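Only a predicted model underlies this, so the values are computations on that prediction, with no experimental measurement involved.
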Amino acid sequence: MAEHEHADESAAPPGTHRAGVASRGTRRGELLLRLTLVLLVVLVAAAVVWVVRIATVPASADAPADVVEPAAVDPDSAAPVEAVGAVPQGGQNGTDPLRGWADRVARSTEIPPRALVAYGNAELAVRTATPRCGLSWATLAAIGRVESNHGQYGGAVLGADGRPSTPIIGVPLDGTPGVRAIADTDGGRYDGDAAVDRAVGPMQFIPSTWRKWSSDGDGDGVGDPQQIDDAALAAARYLCADGRDMTSAKGWWQGVFSYNNSVPYGQRVFGLADHYARAAAS
C-alpha cells in the first residue's frame with residue numbers, strides 16, 4: 001500500500017508535489033505572521049500602559065517619602081520653632097561661612113545646599129533691612145519646599161547658578177475648579193502665557209506680584225523669578241511687608257496667609273518650618 005501511494009506520488013504531474021510543500025510552507029508562514037502580530041499587539045499594549053502610568057504620576061511623586069504632614073495647629077495660636085540668627089554673617093579673609101553652614105544643614109534637612117544658600121542669604125538681607133521682622137530661613141525653606149521642592153519640581157535640577165534646569169511654570173490660572181482666575185498681567189513675559197497668568201519660579205510668584213517685589217539676590221543686576229536667590233529674597237521682603245513681626249504667632253500666620261490664604265497650606269508650611277529648624281539645631 002505504501003509503495004503504491006509512493007508510486008502514485010512520483011507519477012504525479014510536474015509541480016504537484018512541490019505545490020503541496022509550498023502549501024505547507026504557506027501555512028507555516030501564516031502561523032508565524034499571526035504569532036508576530038500577536039507579539040506586536042502585546043508589546044504595543046504594554047507600551048501604552050507604561051506611557052499612561054508615566055503621564056499620570058501625581059506631582060507629589062517628587063516629594064521624599066518622609067514629607068512632614070500639615071501641623072495640627074490653629075492659625076494665630078503659635079509660630080514655628082525659632083531659627084532666626086542661626087545663619088552666619090560674612091567671614092574674614094574671603095571665607096564664606098554661609099556655604100559651610102548650608103552644607104552642614106543640608107545633611108540634616110535634605111534641602112539642596114544651593115537652595116539653603118539662597119534662603120540663608122535672604123534671611124541675612126532682611127535681618128539688615130527690616131530687623132524687626134525676624135524672618136527665619138526655615139520658613140523660606142518650608143515655602144520653597146511646598147511651592148517647588150526647592151527648585152526641583154518635575155525632575156528639574158537646581159544648578160550652581162541658582163536656576164532650575166527646566167523653568168518652573170505653574171498651571172494656567174484660568175478659573176477652572178480649584179484654580180483662581182487671574183487674567184494675563186505680563187503679556188507672557190515671565191510665564192509664556194499671554195492669555196492668563198501662571199505662577200513662576202522656585203517660589204511661585206504671580207507675574208504681577210513679581211513686578212512689585214522683584215529682587216536681585218545674586219547681585220547680577222537683574223531680578224529673575226526663576227533664579228532662587230532672587231526669588232527667595234523677594235519672598236522674604238514680601239513676608240516682612242507692612243512692619244510684620246514673623247517671630248510672633250499672629251505675624252507669622254499673617255505673612256504665610258499673604259502668600260497663600262489657605263489653612264492647610266499654612267499648616268504644612270508650619271510643619272516643615274518647625275521640622276527644618278529642629279533638624280538643623282540637632
Side-chain angles (χ1 to χ4, degrees), residues 68-90 97-98 101-102 105 108-109 111 115-148 150 199 201-206 208-217 223 225 228-282:
V68 176
E69 295 296 322
V73 57
D74 294 328
D76 296 344
S77 64
V81 167
E82 182 64 52
V84 176
V87 180
Q89 296 280 1
L98 181 60
W101 169 84
V105 172
S108 58
T109 61
I111 301 171
L116 280 166
V117 167
Y119 304 141
N121 183 62
E123 179 189 312
L124 292 175
V126 296
R127 188 190 301 177
T128 299
T130 54
R132 182 178 180 276
C133 176
L135 176 67
S136 164
W137 66 269
T139 291
L140 289 170
I143 291 174
R145 174 63 188 84
V146 173
E147 296 293 350
S148 72
H150 310 299
M203 303 301 279
Q204 287 290 278
F205 274 94
I206 295 171
S208 59
T209 306
W210 176 256
R211 280 205 310 274
K212 181 177 180 180
W213 295 98
S214 176
S215 302
D216 179 19
I228 197 165
D229 298 299
D230 296 354
L233 179 55
R237 293 175 56 224
Y238 182 82
L239 291 167
C240 289
D242 302 321
R244 190 173 290 123
D245 178 6
M246 292 290 291
T247 66
S248 70
K250 184 175 182 179
W252 189 91
W253 283 94
Q254 283 180 342
V256 173
F257 280 162
S258 73
Y259 214 93
N260 187 323
N261 192 18
S262 161
V263 171
Y265 179 91
Q267 290 173 330
R268 189 172 184 201
V269 170
F270 187 107
L272 284 162
D274 194 75
H275 166 73
Y276 287 150
R278 292 178 186 277
S282 62

| Between Met203 and Trp210, is a side-chain contact (heavy atoms from CB on, under 4.5 Å) present by the stated rule, with each step listed? | CA-CA 10 Å; Met203 303 301 279; Trp210 176 256; over 6 Å; no
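- When side chains are defined from C-beta on, Val117 does not count as touching Trp101, because their heavy atoms never get closer than 4.5 Å.
- Atom CD1 of Ile143 and atom OH of Tyr265 lie 5.0 Å apart (nearest 0.5 Å).
- Relative orientation of the Phe270 and Trp253 rings is parallel, given thresholds of 30° and 60° on the angle between their planes.
- Considering CG of Asp245 and CD of Gln254, their distance stands at 10.0 Å, rounded to 0.5 Å.
- Between atom CG of residue Leu140 and atom OH of residue Tyr276 there is a gap of 12.0 Å, rounded to the nearest 0.5 Å.
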| task | Kindly determine whether Leu233 and Asn121 satisfy side-chain contact (heavy atoms from CB on, under 4.5 Å), including the steps that lead there. | result | CA-CA 8 Å; Leu233 179 55; Asn121 183 62; 5.6 Å; no
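- Between the side chain of Ser214 and the backbone N or O of Arg211, no donor-acceptor pair lies under 3.5 Å.
- Remark: side-chain polar atoms of Tyr238 are not paired, donor with acceptor, to backbone N or O of Lys212 under 3.5 angstrom.
- A donor-acceptor pair under 3.5 Å is absent between the side-chain atoms of Thr130 and the main chain of Cys133, judged by distance alone.
- Taking all atoms of both residues into account, the shortest heavy-atom contact from Gln89 to Pro97 is O-CG, 2.9 Å.
- Rounding to the nearest 0.5 angstrom, the gap separating the OG atom in Ser136 from the CE atom in Met246 is 9.0 Å.
- Residues Gln204 and Asn260 fail the side-chain proximity criterion, which asks for heavy atoms closer than 4.5 Å.
- Between the side chain of Arg278 and the backbone N or O of Val81, no donor-acceptor pair lies under 3.5 Å.
- When atom types are taken as modelled, the side chain of Gln267 and the backbone of Val73 share a donor-acceptor pair closer than 3.5 angstrom.
- Judged by distance alone, with hydrogens and angles left aside, the side-chain atoms of Thr109 form a donor-acceptor pair with the main-chain N or O of Val105 at under 3.5 Å.
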| task | List the steps and the verdict of side-chain contact (heavy atoms from CB on, under 4.5 Å) for Ile228 and Tyr119. | result | CA-CA 8 Å; Ile228 197 165; Tyr119 304 141; 4.1 Å; yes
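- Taking the six-membered ring where the residue is Trp, Phe205 and Tyr259 present perpendicular rings, their angle passing 60° and hence far from 30°.
- The backbone N or O of Gly217 sits less than 3.5 Å from a side-chain atom of Asp230, completing a donor-acceptor pair.
- Taken to the nearest 0.5 Å, the CZ atom of Arg268 stands 5.5 Å off from the CZ atom of Arg145.
- Taken from CH2 in Trp213 to CG in Leu239, the straight-line distance is 9.5 Å, to the nearest 0.5 Å.
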